[in-house]
Each structure stands twice: as structure tokens, then as C-alpha cells.
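Data first, discussion second: the structure below is written as C-alpha cells.
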Amino acid sequence: MKLLHLDSSILGDASASRQLSRSVVEAWQAAEPAAQVTYRDLASDALSHLSALSLVAGGTPAELRDAAQKYEAELGETTLSEFLAADAIVIGAPMYNFAVPTQLKAWIDRIAVAGKTFTYTEAGPKGLAGGKKVVVVSTAGGVHNGQPSGSAHEDYLCFVLGFLGITDIEIIRAQGLAYGEEPRANAISAAQEQIGELFATA
């Protein structure tokens, strides 16, 4: 099994989402020792955002691309190939200003590619990247689950993954992290319990 592990927090070792996403991967490896893990740190090694250069590079024949276009095209192709090759994905997704981090959005823009991971038919859109299992590690300073304030965070991630054909999605959630030391510790402990339960029968 090929497992893709993504972190997007800018907080380094102080990040709850990094701590928990690492726990998910460790539990997965314990359950499936043969799993091959690819790690991408979207904060320290950030992808450039989708731009006019991205579109021009994609529409220019490889032999005619200049250096900037070649780099941009290769970046998109590598990121997409990495996603398509993965059987499972762990996404560390903290909430920043009621949305996913811009670094994570840049990754999503690289994998949501018409004709590769989704297509439009007479019956509507159809996802082409199904068959993957995704665990989203969702963290937030406040409490947003089931609230309108969470629509650009967990709800968005589930929607866009579903749009690509991925329906096997688990959410490991730790919210209220900014409410004080005790609520933070309790939220992280509860999330760790979730992780243990997720892999208890694996």
C-alpha cells in the first residue's frame, strides 16, 4: 500500500495537526508494516499557487517550454502523479481564518485536474480518483463542527474529495484548542483515542 502523508500547518513542532497526523501514519504503519509512506510538507516546501504561468505551461508542448514553464509543468505533473499513485492519504488540515491553509489549497489546485481526476459528462461531474481512503486530521482553535463557520474547512475538504470520486473519508477532529491548556489537552487526547479506534481492528 502506498500512503501519502501531507502536513500544512505553519507552526512546526507546536502544531497539533502535525502531531496527530504523525500518530495516524504511525498507527497505519503498525497495522500495515509494508505500507510505503511518501511525506510532503506543504508549509516548509510550499507549492506555488495556480497561476497564468501554470495554465500556459500546461498548454505549451514540452519541447517549446522555457525554464519557468518547464519547472511549473513538472511541479504539477509530479504532484498529480504522487496523488494518483497513493492508495491512502493522511491530510493534516488546521483551520486558518475559517478555511484550510493556503498551502493545502495550492495542493488541491494541483490535483483537481479535468480529464485526470474528474470529468464532466452529460449527467454532470464524475470523479476519476476513487478507490482511495483519506484520513483528514482537522484541528481548530474554536469549535466549528456542524457550524456554518466550518463550511470552508472540513465541509470543503469532504466536498472536493468527493468531487474527485473519493468517498472513504475519516475525520480525526481536535477543536477548541485555543480555549485553554485543559481543553486543548482533552481535545488532543480525544483525537488520539479516535485514531486508536480507527486502527483497532485493522
Give the minimum heavy-atom separation between [X] and [Y], together with the two atoms involved.
{"X": "Leu177", "Y": "Arg184", "answer": "O-CB, 3.6 Å"}
{"X": "Arg65", "Y": "Ala57", "answer": "NE-O, 3.0 Å"}
{"X": "Ala88", "Y": "Met1", "answer": "CB-SD, 4.2 Å"}
{"X": "Gly176", "Y": "Pro183", "answer": "O-CB, 4.0 Å"}
{"X": "Leu164", "Y": "Phe118", "answer": "CD2-CD2, 4.1 Å"}
{"X": "Arg173", "Y": "Gln194", "answer": "N-OE1, 3.1 Å"}

Cut-off 3.5 Å, no hydrogens considered: what does the side-chain donor-acceptor table look like for residues 123-134, sequence neighbours left out?
unit_1, atom_1, unit_2, atom_2, d
Lys132, NZ, Phe83, O, 3.0
Lys132, NZ, Leu84, O, 2.8
Lys132, NZ, Ala86, O, 2.6
Lys133, NZ, Asp168, OD1, 3.1

Just by modelled atom types, is the [Y] backbone N or O under 3.5 Å from a matching donor or acceptor in the [X] side chain?
{"X": "His49", "Y": "Lys105", "result": "no"}
{"X": "Glu82", "Y": "Leu4", "result": "no"}
{"X": "Glu154", "Y": "Asn145", "result": "no"}
{"X": "Ser81", "Y": "Thr78", "result": "no"}
{"X": "Ser189", "Y": "Ala185", "result": "no"}
{"X": "Gln69", "Y": "Gly59", "result": "no"}
{"X": "Arg110", "Y": "Ser48", "result": "yes"}

Indicate if [X] and [Y] have the same hydrophobic cluster label, given that clusters are the connected sets of ILVMFWY residues with side-chain heavy-atom separations under 4.5 angstrom.
{"X": "Val90", "Y": "Leu104", "answer": "no"}
{"X": "Leu50", "Y": "Ile111", "answer": "no"}
{"X": "Val37", "Y": "Val137", "answer": "yes"}

d(Glu197 CD, Glu170 CD) to nearest 0.5 Å is 11.0 Å
Measure the shortest side-chain to side-chain distance between [X] and [Y] over non-hydrogen atoms and say whether it is less than 4.5 angstrom.
{"X": "Glu72", "Y": "Val56", "answer": "no"}
{"X": "Ser138", "Y": "Met95", "answer": "no"}
{"X": "Leu80", "Y": "Thr117", "answer": "yes"}
{"X": "Lys2", "Y": "Thr38", "answer": "no"}
{"X": "Ile171", "Y": "Cys158", "answer": "yes"}

Review item, side-chain donor-acceptor pairs of residues 18-28, under 3.5 Å, at least two apart:
unit_1, atom_1, unit_2, atom_2, d
Arg18, NE, Ser9, O, 3.2
Arg18, NH1, Tyr39, OH, 3.2
Arg18, NH1, Asp41, OD2, 3.0
Arg18, NH2, Ser9, O, 2.8
Arg18, NH2, Asp41, OD1, 2.8
Arg18, NH2, Asp41, OD2, 3.2
Ser21, OG, His5, NE2, 2.9
Ser21, OG, Asp7, OD1, 2.7
Ser21, OG, Ser17, O, 3.3
Ser21, OG, Arg18, O, 3.2
Ser23, OG, Gln19, O, 3.2
Ser23, OG, Gln192, OE1, 3.3
Ser23, OG, Gln192, NE2, 3.2

| said: The test is side-chain contact (heavy atoms from CB on, under 4.5 Å); show your working for Ile108 and Leu157 and say whether it passes. | reply: CA-CA 9 Å; Ile108 291 170; Leu157 286 172; 3.8 Å; yes
